[in-house]
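Notes follow the structure.
This structure is a prediction, so every number in the text was calculated from the model and none was measured.
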Amino acid sequence: MLENVTVIIPAHNRPERLQRLLDYYSGTDIRILIPDSSDTRFSGKLDSPNITYVHRPKEHMLVKVREVLPLISTDYVLYCADDDFAVPAGIAKMVQFLEQNKDYSIAQGHYLTFTPEQNGKVTFYPRYIRNFLNKISDDNAKARLAHEKGMYASMLYGVTRTEVFRTIYGYCFNEQGNLRYKNLFLAEEFFNHAVLIQGKYATLPYFFSARERIKGSATETTTPLSVIKNSPVYKDEYGGFITALALMLADKEGIEIKDAEEYMRYISACPMDSPSVIFKRKVNSFISKHRLLHWASQLSEWRYHQKGLKAVKGMASYPCTFTTSDTEAILRAING
């Protein structure tokens, strides 16, 4: 089953993480595509016939992905960041589900998060705990988009049908072949909306991926969506994002582009979280940026982790406090 899956690793300036992930997937039948925008060409092991490597220094994420789309020869594809681990057994469960449910575009399972410590210890914590069994199964695209609000987990790293994956990225570029938008948070939101325009979505109760938390990652240096959507400086970029989605929605549903654009602006403007969650995030963001409040930030994070551990206690799909063959494989990869 895994021989029918391609993992795209959009590498960028983390060669040790890339090698770690390649070692993790060695011995599997998974096809691997590496569009690498790192300053320096990767010098690690690329000797497997299942690995295709493309070095494009400083190239934008969406541009380098477009370049490798023709190289996907499998029916299913997913992203795995070079600092993450998408679990082969979990991937296989997603493929099995999609094989049996042709009207679903994408499926993913449950996530853990981890931060390796200097003493070699690795602690796993639950992630996206409000997304245990979420499914979006409406029969039309507009209804699916409406039900996306309140989704706590991104769909960007789910297992996707390759035909859907290729289709949605075609809309990111205008008639001249130029990007309609560049912000990486917009790119993630675009994927979430676009894959629902194309079909249904499911979260399945299987351990699917472990994601590393790294300080100073791109998410901490990218302009936030709240600014992109409201600042006149980004009017054209946000407009390009809306246009891409509106064109796709109009083509899929057979509606006027004007109506599709109006609907996508409405969907994009809807808050995904409740006012209380938004407030908590603002508070946590504030205290994390002030050195004197470091203790408060650590306390808040500890409380969040404890709440998560309590919520997932006993769930096989969240192996945080017990060992499985999947977590053992990840630990071996992390510790070399």
Side-chain angles (χ1 to χ4, degrees), residues 60-63 65-66 69-70 72 77 79 98 101-108 134-156 158 160-203 222-273:
H60 190 277
M61 165 73 175
L62 294 174
V63 176
V65 168
R66 176 180 62 174
L69 288 178
I72 304 173
V77 61
Y79 284 121
L98 292 171
N101 297 272
K102 301 298 184 180
D103 49 347
Y104 281 74
S105 294
I106 185 171
Q108 63 183 349
N134 194 21
K135 287 187 179 180
I136 300 178
S137 56
D138 303 271
D139 289 327
N140 69 84
K142 291 177 73 173
R144 290 193 295 270
L145 287 166
H147 282 172
E148 181 194 358
K149 299 298 103 180
M151 277 280 294
Y152 186 56
S154 170
M155 302 177 208
L156 185 62
T160 310
R161 297 186 189 278
T162 297
E163 60 185 275
V164 170
F165 196 85
R166 285 202 184 102
T167 296
I168 65 179
Y169 279 112
Y171 287 89
C172 294
F173 299 85
N174 62 21
E175 293 78 4
Q176 292 74 42
N178 299 318
L179 273 173
R180 298 185 189 274
Y181 62 89
K182 294 183 178 180
N183 180 272
L184 293 179
F185 286 139
L186 281 182
E188 184 166 355
E189 183 170 317
F190 173 86
F191 186 93
N192 292 348
H193 295 331
V195 78
L196 287 178
I197 291 175
Q198 297 299 321
K200 300 175 182 179
Y201 162 84
T203 304
T222 301
T223 305
L225 285 178
S226 58
V227 176
I228 293 287
K229 293 181 179 183
N230 297 293
S231 171
V233 175
Y234 296 98
K235 180 180 178 180
D236 290 342
E237 179 162 16
Y238 185 52
F241 162 81
I242 292 295
T243 296
L245 288 166
L247 287 169
M248 189 190 312
L249 180 61
D251 289 343
K252 185 70 174 180
E253 296 288 271
I255 60 178
E256 295 292 327
I257 184 65
K258 180 180 178 182
D259 295 334
E261 182 171 325
E262 181 179 348
Y263 191 74
M264 288 315 312
R265 287 190 179 276
Y266 160 72
I267 289 295
S268 182
C270 289
M272 292 193 65
D273 291 308

By side chain to side chain donor-acceptor pair (under 3.5 Å) - contacts of Y104 (at least two apart): none

Give every residue pair that meets the salt bridge (Lys or Arg N to Asp or Glu O under 4.0 Å) criterion with at least one member in residues 162-177, sequence neighbours excluded. none

Sequence neighbours excluded, the answer for salt bridge (Lys or Arg N to Asp or Glu O under 4.0 Å) partners of K200 is D103, D139

Using the test side chain to side chain donor-acceptor pair (under 3.5 Å), find all partners of N230 that sit at least two apart in sequence or belong to another chain. none

With S105 via side-chain contact (heavy atoms from CB on, under 4.5 Å) - residues at least two apart: V164, V195, Q198

Please list all pairs meeting salt bridge (Lys or Arg N to Asp or Glu O under 4.0 Å) that have one or both residues in residues 226-244, counting only residues at least two apart or in different chains. E189-K229

For a 4.5 angstrom cut-off between non-hydrogen side-chain atoms, does V65 reach Y79? yes

Does the side chain of L145 reach to within under 4.5 Å of the side chain of H193, using non-hydrogen atoms? yes

On a heavy-atom basis, the closest approach of L245 and A194 is CD2-N, 3.9 Å

About how many Å separate CG of D138 and NZ of K142, when rounded to the nearest 0.5 Å? 13.0 Å

Which heavy atom of A246 sits nearest a heavy atom of A260, and at what distance? O-CB, 3.4 Å

Set of residues satisfying ring-ring contact (aromatic ring centres under 6.0 Å, His included) with respect to Y169, sequence neighbours excluded: F165

Quick one: CD1 on I197 to CG on N140, what's the gap to the nearest 0.5 Å? 11.5 Å

List the atom of N101, the atom of R161, and the distance in Å for their closest heavy-atom pair. O-NH2, 2.8 Å

Looking at every non-hydrogen atom in both residues, tell me the closest pair between S268 and I242 and how far apart they are. CB-CD1, 4.1 Å

Which atom pair, heavy atoms only, marks the closest approach of N192 to E148? CB-OE2, 3.2 Å

Suppose the criterion is salt bridge (Lys or Arg N to Asp or Glu O under 4.0 Å): which pairs have a residue in residues 242-260, not counting sequence neighbours? none

Using a 3.5 Å cut-off and no angle test, enumerate the donor-acceptor pairs between side-chain atoms of residues 178-186 and protein atoms at least two apart in sequence or in another chain.
unit_1	atom_1	unit_2	atom_2	d
R180	NE	Y171	O	2.9
R180	NH2	F173	O	3.3
N183	OD1	F185	N	2.8
N183	OD1	L186	N	2.9
N183	ND2	T223	O	3.0

Looking at every non-hydrogen atom in both residues, tell me the closest pair between I228 and Y234 and how far apart they are. CD1-CD2, 3.4 Å

I'd like to check the ring-ring contact (aromatic ring centres under 6.0 Å, His included) partners of Y266; sequence neighbours left out, ordered by chain and number. Y263

Applying salt bridge (Lys or Arg N to Asp or Glu O under 4.0 Å), can you list everything that pairs with R265, at least two apart in sequence or on another chain? E261

Residues two or more places apart in sequence or in another chain: which of them pass side-chain contact (heavy atoms from CB on, under 4.5 Å) with V233? S231

Option passing side chain to side chain donor-acceptor pair (under 3.5 Å) with Y201 (candidates K135, Q108, H147): Q108

